[in-house]
Each structure stands twice: as structure tokens, then as C-alpha cells.
K.L.:
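This structure is in C-alpha cells; I'll ask about it shortly.
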Amino acid sequence: MSDLELESPSTHLPPEEVETVTIRFAGDSGDGMQVTGSQFTATSAIIGNDISTLPDFPAEIRAPAGSLPGVSGYQLNFSSRDIRTPGDEPNVLVAMNPAALKTNIKDLEPGGILVVNTDEFVAGNLKKAGYATNPLEDGSLAGYRLFKVAITSNTLKALEGSGLPHKQVERCKNFYSLGLMYWLYDRPMEQTIKWIDEKFAVRSKEIAEANKVALKAGFNFADTTELFTSHYHVAKAKIKPGKYRNIMGNEATALGFIAASHVAGRPLFYGSYPITPASDILHELSKHKNFGVRTFQAEDEIAAVGAAIGASYAGQIGITGTSGPGVALKSEFINLAVMTELPLVIINVQRGGPSTGLPTKTEQADLLQCMYGRNGESPVAIVAPATPGDCFNMAIEAVRIATKYMVPTFFLSDGYLANGSEPWEIPAIADLPKISINFRTETEGFFPYSRDEETLSRPWAIPGTPGLEHRIGGIEKQHITGNVNYDPDNHDFMCRLRAEKVERIANDIPPLEVFGQATGKVLVLGWGGTHGAITTAVEQMQEQGHAVSSAHLRYLNPFPKNLGEVLKGFETVIIPELNLGQLSVMVRAKYLVDAVSFTQVKGKPFKVSTLVNKIKEYL
Amino acid sequence: MSENGHTTNGAVKLTRKDFTSDQEVRWCPGCGDYSILAQVQRLMPELGIPKEKIVFISGIGCSSRFPYYMNTYGFHTIHGRAPAIASGVKIANPDLQVWVVTGDGDALSIGGNHFMHALRRNFDLKILLFNNRIYGLTKGQYSPTSEFGKINKSAPMGVIDQPINPLYLAFASRATFVARSIDIDPKHLSATLERAAAHKGSAFVEIYQNCNIFNDGAFKGFSEREVREDRVIQIEHGKPLIFGKDKNKGIRLNGLKPEVVTIGENGITESDLLMHDEYSTDPLLGFILGRMEFPEFPVPMGVFRSIERPSYENLLTEQVDRAVANKGAGDLEKLLHSGETWVIGDDGEQTNGHH
């Protein structure tokens, strides 16, 4: 390995054209698989493929090295056509150790490409992974195209004389494996080299250099040894003209709320307590104080929402972010915002439950918690993004609804959306929705609980406004005056009024769109992060000539006004969810439709094939 | 005077009546809360702050009805959480003067966490803790400040919890202003509240307050006029700790232990006595004074500590200002287009942009 110069992709072999490839990188949680995967993603996006990703990491930061619970994976799907999911089965698996092989091999497609780091297949690691014999030698992998590469020792050799400690050098092996994959899929290395330079520039020039050398060594090894019998090219996807960037859901969420604050002309306040998988939103927002963003890492989930309500009471855009366990803790405060009718956005990045559950895995099982999980009659608005990029749009919607209707609004994301990524067409600022905030200043005829005729919202009268001094609180309010009131008829009236206010939001949201014909045999109705899998499955069925359509709810309370009509157009309504049937409960109760609930709670998104098989049962 | 009742220099000529809301006060007749409300309403016009810039925030409990009786902005929140709401209010608008009204159950039991964190962050809040050593609104259960062994509705055989010392909690949280007063001494209470109002940062005032229904006479042993001078010690900055009708008793340190001595006996003079220092950043003096409990000691009243430290909201505002100075005011266009970007042309051709 003397020649480590960067070459343009190999001339030894002309690449074969393929349309879509799914790769999964798997290794120890300290092996840097998330970096490897996200770098492959960034490069693929930039050279024009459509992409969709699924990081999968353990809750433990560093489980014992080589152990099964410590395996971290990153799956990405890249294609020359429009794709919406990270792929059902990987075509390629890169396994950095026996534990990674053991936990991932069952997902690899028959005949798929399997690249293993042979250096790690030693007795101790095999035992930790529960292998009685070495799978590289016992013939158990005969059904795959196995490529054995001494990734660790090749990396060490390439970096001989680097002067870095052994441990540091060994850590560069993820870039070596990335180099192998760049050659195999005909990707340029420039983007990653630039990224390494930027990422490590401050910390250590030597480490940056070593990572670059490892990357190139992997690439050149694949090229010069003709390790792989062929390599592949995935052409650019036909993507709608526009300016794009790659974006993860949590990042889009943060940017969406900053954009909402911008169009509303009010500063953003974000109160949060660290929790997986929502913490990245706090990290991202805390970087943007120059936008007037105030982030507040509170002492607990309760204080985080309380401070957000306080900020909202004082006139800022009050947002709190968490996952399901945090929503449970915040519920009393959310009810205070229901009663005092203050704007509040609650981000819930759902994860597997109940209790601590599966902190790093995805699930959609908090819909009924957000809808009903509080004491008393407690109506709130709920929106849910459908894709990572859609988090941006729905964040703005959440702020628009919360401030216009003076109502707590849930932004219901999930682990899959939060950590998944896709190319995102950057919107023009002029095209963003308008949010107009009108604080009450007129003292004449002011009552804290008077109503806007159209929206039924009460005035937002912030402290500091002369002449509007008033008291609010969690005790039932007298209609109009807002005084403490225990009258039975008033309470009955106020409960109905708060419910009616939320119902009226339906007048102010877009109708539900149907993907496909407006009538037919089967409607697949979904919400949240299942959008990609549902749409892909339905599209496949449509291509085969079946009368199948889908519709995806981005507004869950209230529902779009035409939902009832849409449901009536189909013989069967299937509702796939990553829970045990929560949207089904809501849809059945409201529309008396005998919907088929199709559910899965494995901490993983639906496979397209699973949905296709289900739909076929009803054709 | 301008239309809104302000003089042109911003001073406000208001009276106690301006701060009295139209709501009927519903505390039990004889409750210590009346006295505290009267003192606060009397103090308000003296502060020279327009009433729209004053916010009273409370949790749940008898004391937490307080905001309804103040003709300012007011927020009656949920149990124990007033400091959380108040923190958000101060971040959003540091110009407001925010008072938190809480009780021993509200601040020290269900809200112990928020109380502690508000103090350590030093939000510019005036926190009034009405300590009556009982749960009044729920009708007579023991509170976190109830004495060990106390018989009451939820502990018919006596309380087996050790009481919390709120001052210890305040010092442990590095509170910048700590004081104690009592409902039946309006003059002292008024002076203490005035000091709290003037403090920049979290000002914590423990107010002994009699619940004449469920814990009547809780402080009677030392607070009654006839015995007060012998059983209460007024602490004042820069002065030795002297008390007693004849001003001849004092507190001396024996190692780290306080002890009561008589001036003139055994050769003891004023110079042997413990000197009070409000500005001490060392919590030791606070803990020594805090452990002085009746009947072993006279009960200290007054300002235990008053030190300066930047408030949380000012530090945060400063960070926002610094971010703007360093990076320029946020440019949404630039933010959305940051990172690696690429353009797909109308012909489907791609060009790559950069940051």
C-alpha cells in the first residue's frame, strides 16, 4: 500500500448500472458506524441520488465491546428513482465484528453482498457473539457473496509511521470501510475529505490526515486488488428542479420552529430536559441564539414546559420538547395551558414505550396519550409530520395553530423521522405561511376571556401592557370575565367552548389529499413516519393495476373536514400503525367505519413488503 | 401625569388602593395572610414601578390565592411550579418585576426541585414563602416544615419526618438574598419586603405565618409581644448579635457552635459576640444562624444574606446579544441554505453549491 494518492474512480472495471441499493453498516457502537453511514448518505445526496436513511443504535452509549447489545447500525437506501423508505432488506451488509454479523445477517437479502472485517473474527469475539464456530469458515454464509477483508490490519498498515497511538489509528477503520464502499458504488471521496478537514481541523490535524489516508487506502485496496468482481453505479435520480440539501427530521424541526418565529416576528423560547430521541432539537436550537432563540435546559420535564408557558404568557413563542415519558410528566402543565388558553407547542418525538421502553427505537404509540392523557375535558390540537423534511412545515403549522387559537398544540414526531434523513427542497422564505400575532393593547372593553367570533380564541394580553392587568389560573374561568367561577352551567359551557374552539381549527387546515383515485377497493390511511412505506406500497399496487389509494393525516386533532368523505369512497380502509391501533380507535369512534387496524410494535418502521402483503388480502 | 397615570419621569403616583383587585378576599378570618397582603399592597406604590410591569405568580395552596387580590398581572399556576413559570416570564421579559408567592408545602414539598433551581440560577424573582408548618387548603395534614412528633390529621400518632429547614435549602442553592420575617410584625415585614424588592436576583423571604384554623399558635412561643424581645433576635449587618429586653444577651461562637451569653457576665463584652455580615459569600454564617431554633435559641429575623451575582436572565440576554454581535442577526435565508446544497436545474442537471 504505497500509493495513497487520490485517484478518480477506477478505470479497471466499468461499473454496472443499478437502480436502487440498500446498504447497512454495522459495528460496535464505538466503531463510528453512524459517521460512516451519514457520510455515504451525504455523498450520495450530493451526487444526485434520492436517499432515505435509518440509523439504528443501542440505548447504551458503549455497551461492552464486541457484545450483541453494543451493535450500532446505519441503513441507507439510495436510488436513481424517487424513493421514500430506507429499504426493506439490505443488498449489502458491512459487518465490522461477529456481533454485528450475528444481529444483522438475518436481514441481508439472499445472495447479498457481505463484507466482513476478518480481524475481529477471533475466538473471544466469536464467543461474545454466541458463535460456536467461525461463520467465515463453517459454510453458514454460503448463501451470500462473502468478501473477507482484514479491515483493521489494513488500516494499521496504511497508517504505519503516522505517529498516532495505536488506539487512535485503529479508530480510523470506519473510514477504511467507507473507502471500500465508495469504490464499490462508484462514489467520489471529495465530500468526505472536506468533511474530515472541517470536523477534525480544530481537534487534531494528525487525526484528520489519518482518517483521509484510511479512506483512500480502503478505496485503493478495492480498486487495485480487484477484491470485488464488479462494481456499480447508481445514476442520478430525476428530482424536481430546485435547490436541495440533505436534512434529518430533528434538524428540520429546529429550523421549522426558527422559521415560525421569524414569520411570527416573535422570539422563540425552547424549554427542554435532555431525552432521547428529542435532545438534538435542543442542541440545534441552542446554536442559534443570534436568531433571538432562548433555550432553557430546565431541571426537569415539568419545569421545561412550565417555563415555556411562562415565556408564552409574557409574549414569546413558547415551545417545549420531549418524548413520551416527558409528556407524561408535563401533562398537568399542559392542562394549565388548556385552562388559561395560552399558546404552547409540545414536541413529542415518540419512542418505544411503555415506561422507559425502547429509548432509541421508533414507535407511534403516544397518539392517544397526547389526545386524551390529561385530567378533565382537555382538548388540544395535534399535528404530525409525514417525512423528515415535512417536520419543517408542520413545525410552522404548530406555531400558527397554537398562537391563532390560543391552544396547546402537539407536534408529534417519532424516532424514525427524527434521525432519518432525506433530500429536502429548501423553501423560499416568501412562500412560508404567514403567522400574525396581535397582542391585545386596547383597554376599552377588555375582558381576559372574551372571544374572537371566528376562532373563539381569547385575547393574548401580555404583562407589561398598561391597563390590561388581570389574573389567570387553573381554576375554572367565568365566561368573558375570566374570574374564578364554580357555577355548574358555566363549567359545562366552558368545557364545550374549549372543545368547539379546537374543532374550529378544521376550518383552517388543508383538506386530506388522496394519493390515487378518490374511490376504489382499498384506502390505506396512515399518519406520521409511516408515510414513506405506505406510499411506496400503495404505488406498487397501483402500478400493478389495483384500485388502492392512500391518504396520510398530518392533522390528527381536529381531523381534516373531508376525512369522512374520503373514507366513504372505499370498500376497505386499512390503518397501519406502529402501535396497537390508536388512530383506528379515533377513526372508528368518529366515523363509525369498520376500519382494519394493521399494527406492529417492533421498534422498527414497516417494511414495504409487509404492507403490500396486507393490502393484497383485501383485493 | 400622562393618561396612564405615570409621571413623565416614569415614576408612578399610585396608592395601596390601585394595587387592590376587585376580588373578595377569601382567606379564613384571622389568617396571617391578611397581614402579608396588606404589607405587600402598601409597599407596591413605594417601589415606583408601573403596575403593569408587576406580576404575581403562585402555585397551589392558601397562600397561592394571593395574585387574585393584587391588581397587577397575576398567574395562579399549579402545585409547586410557580418558579418554573416565573423563570420563563423573566427570560421572555426581564423588565418585569416578578413575585412568587408560595407556601411550605408548595415550595418545599411538591415544588422543592423548582425552588432550589430558581435560587441557584438567581433569576430576578422575589420569592415569598408563607410558612405555616401545615397544609391548610387540604385541611390540616402535616407539611415538610411540621415539627417531628406533631399530631395532626394525617399523622394521628405523630409526624415521623424530620422538618426541612428552608434557610439551609436556600444556602445550599447559593441563594443571593435570604431573609426571614413574620406576619404579626408588620413593620419588620414591610422593611424586609422592601429589601427583597430592591435586590437584583432571587430574593427569598421566609415569612412565618399563623394558620389559625389548623396550626394556631405555631409561632406563639416566641412571637407574642410580651416575649418577643427575649426570644427573637433581629440580625443587622455589621452589628453584633444582641437581643433581650435589656439588650444584654448575645450570641457567641464556641468553635462552630453558637451559644447564648450575657454581656457583662464572665467578662463577656460586645466584642466577643458574633458579628452579622450579610455580604458573606461563605454559607457558614447562614448555616449557623439557620440552626438557631426556638426554644434553644432566640429566633433570628432579618436579612441573612444579600450578595450580588448576575441574574440568569441577564446572562442569557447577554449570550443572545453576544451571538448577534459575533454572527450577525439571524439570517433565515442563510440558515436554510447552510451545509452542503445542490441545485437541480430545469433540464434535470445538477450543480453543487456549498455553504
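Below, chain A is the first sequence line, B the second, and so on; all start at residue 1. Source: prediction; values computed, not measured.
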K.L.:
Give, as side chain, backbone, both or neither, the part of Thr72(B) having an atom under 4.5 angstrom from any heavy atom of chain A.
P.N.:
backbone
K.L.:
Looking at residues at least two apart in the chain, or sitting in another chain, which of them share a side chain to side chain contact (heavy atoms under 4.5 Å, CB included) with Arg245(A)?
P.N.:
Ile247(A), Glu251(A), Leu255(A), Trp424(A), Ile426(A), Ser338(B), Thr341(B)
K.L.:
Considering only heavy atoms, which portion of Tyr69(B) lies under 4.5 Å from any heavy atom of chain A: side chain, backbone, both, or neither?
P.N.:
neither
K.L.:
Considering only heavy atoms, which portion of Tyr313(A) lies under 4.5 Å from any heavy atom of chain B: side chain, backbone, both, or neither?
P.N.:
side chain
K.L.:
Name the member of Met339(A), Glu299(A), His470(A) that forms the most heavy-atom pairs with chain B at distances under 4.5 Å.
P.N.:
Glu299(A)
K.L.:
Would one find more than 12 heavy atoms of other residues, nucleotides or ligands at under 6.0 Å from atom CZ of Arg440(A)?
P.N.:
yes
K.L.:
Grab the two heavy atoms, one from Arg471(A) and one from Pro67(B), that are nearest each other, plus how far apart they are.
P.N.:
CG-O, 3.1 Å
K.L.:
Using 0.5 Å steps for rounding, measure from the CD atom of Glu469(A) to the CZ atom of Phe56(B).
P.N.:
12.5 Å
K.L.:
Tell me, side chain or backbone of Glu425(A) under 4.5 Å from chain B's heavy atoms, or both, or neither?
P.N.:
neither
K.L.:
At a 4.5 Å cut-off on heavy atoms, which part of Ala304(A) comes close to chain B: side chain, backbone, both, or neither?
P.N.:
neither
K.L.:
Looking at chain B, which one of Ile309(A), Asn335(A), Asp300(A), Asn246(A) has the largest number of heavy-atom pairs inside 4.5 Å, strictly under?
P.N.:
Asp300(A)
K.L.:
I'd like to verify something: which residue of Met70(B), Arg322(B), Lys53(B) has the highest number of heavy-atom pairs under 4.5 Å with chain A?
P.N.:
Met70(B)
K.L.:
Quick one: of Ile46(A), Ile462(A), Ile239(A), who has the most non-hydrogen atom pairs under 4.5 Å with chain B?
P.N.:
Ile46(A)
K.L.:
Is the closest side-chain heavy-atom distance between Phe75(B) and Leu342(A) below 4.5 Å?
P.N.:
yes
K.L.:
So does Thr465(A) get a backbone contact from the side chain of Tyr73(B), meaning a donor-acceptor N/O pair under 3.5 Å?
P.N.:
yes
K.L.:
Could you tell me how the ring of Phe296(A) sits relative to the ring of Tyr312(B): parallel (under 30°), tilted (30 to 60°) or perpendicular (over 60°)?
P.N.:
perpendicular
K.L.:
Name the option with the most non-hydrogen atom pairs under 4.5 Å to chain A; the candidates are Ala329(B), Ala323(B), Gly74(B), Ala84(B).
P.N.:
Gly74(B)
K.L.:
Using the rule side chain to side chain contact (heavy atoms under 4.5 Å, CB included), only one of Val484(A), Thr340(A), Leu336(A), Ile475(A) pairs with His76(B); which is it?
P.N.:
Ile475(A)
K.L.:
Got a sec, which residues hit side-chain hydrogen bond (donor to acceptor under 3.5 Å, both in side chains) with Asp321(B), two or more places apart in sequence or on another chain?
P.N.:
none
K.L.:
Tell me, out of Ala237(A), Ala298(A), Gly473(A), Gly271(A), who's got the most heavy-atom pairs with chain B below 4.5 Å.
P.N.:
Gly473(A)
K.L.:
Quick one: what part of Val305(A) sits under 4.5 Å from any heavy atom of chain B, side chain, backbone, both or neither?
P.N.:
neither
K.L.:
Non-hydrogen atoms of chain A under 4.5 Å away: do they reach the side chain of Arg120(B), the backbone, both or neither?
P.N.:
neither
K.L.:
Non-hydrogen atoms of chain A under 4.5 Å away: do they reach the side chain of Val320(B), the backbone, both or neither?
P.N.:
both
K.L.:
Would you name the heavy atoms of Leu332(B) and Phe291(A) that are closest together and state the gap between them?
P.N.:
N-CE2, 3.5 Å
K.L.:
Specify the closest pair of heavy atoms between Ile91(B) and Phe269(A), including all atoms of both residues, with the distance to one decimal.
P.N.:
CD1-CE1, 3.6 Å
K.L.:
Less than 4.5 Å to any heavy atom of chain A: does that hold for the side chain of Leu96(B), its backbone, both, or neither?
P.N.:
side chain
K.L.:
Flag the one option from Glu333(B), Arg121(B), Gln319(B), His79(B) with the top tally of heavy-atom pairs under 4.5 Å to chain A.
P.N.:
Arg121(B)
K.L.:
Would you mind checking which part of Leu432(A) comes under 4.5 Å of any heavy atom in chain B, side chain (CB onward), backbone (N, CA, C, O), both or neither?
P.N.:
side chain
K.L.:
If you count heavy-atom pairs within less than 4.5 Å of chain B, which of Ala259(A), Pro267(A), Gly464(A) leads?
P.N.:
Gly464(A)
K.L.:
Return the option, out of Lys238(A), Arg294(A), Lys240(A), His288(A), with the maximum number of heavy-atom pairs under 4.5 Å with chain B.
P.N.:
Arg294(A)
K.L.:
Could you tell me which non-hydrogen atom of Pro241(A) sits nearest to which non-hydrogen atom of Asp346(B), and how far apart they are?
P.N.:
CB-OD1, 3.5 Å
K.L.:
Determine, step by step, whether Ile302(A) and His114(B) satisfy the side-chain contact (heavy atoms from CB on, under 4.5 Å) criterion, reporting the C-alpha distance in whole Å, the side-chain angles of both residues, the deciding distance to 0.1 Å, and the verdict.
P.N.:
CA-CA 9 Å; Ile302(A) 300 172; His114(B) 310 305; 4.0 Å; yes
K.L.:
Select one option (side chain, backbone, both, neither) describing which atoms of Phe333(A) are under 4.5 Å from chain B's heavy atoms.
P.N.:
both
K.L.:
Rounded to the nearest 0.5 Å, what's the gap from CG on Leu335(B) to CD on Glu284(A)? Could you check?
P.N.:
7.5 Å
K.L.:
Begin with the C-alpha distance, continue with both residues' side-chain angles, and end with the deciding distance and a verdict on side-chain contact (heavy atoms from CB on, under 4.5 Å) for Gln316(A) and Asn93(B).
P.N.:
CA-CA 9 Å; Gln316(A) 294 197 340; Asn93(B) 188 352; over 6 Å; no
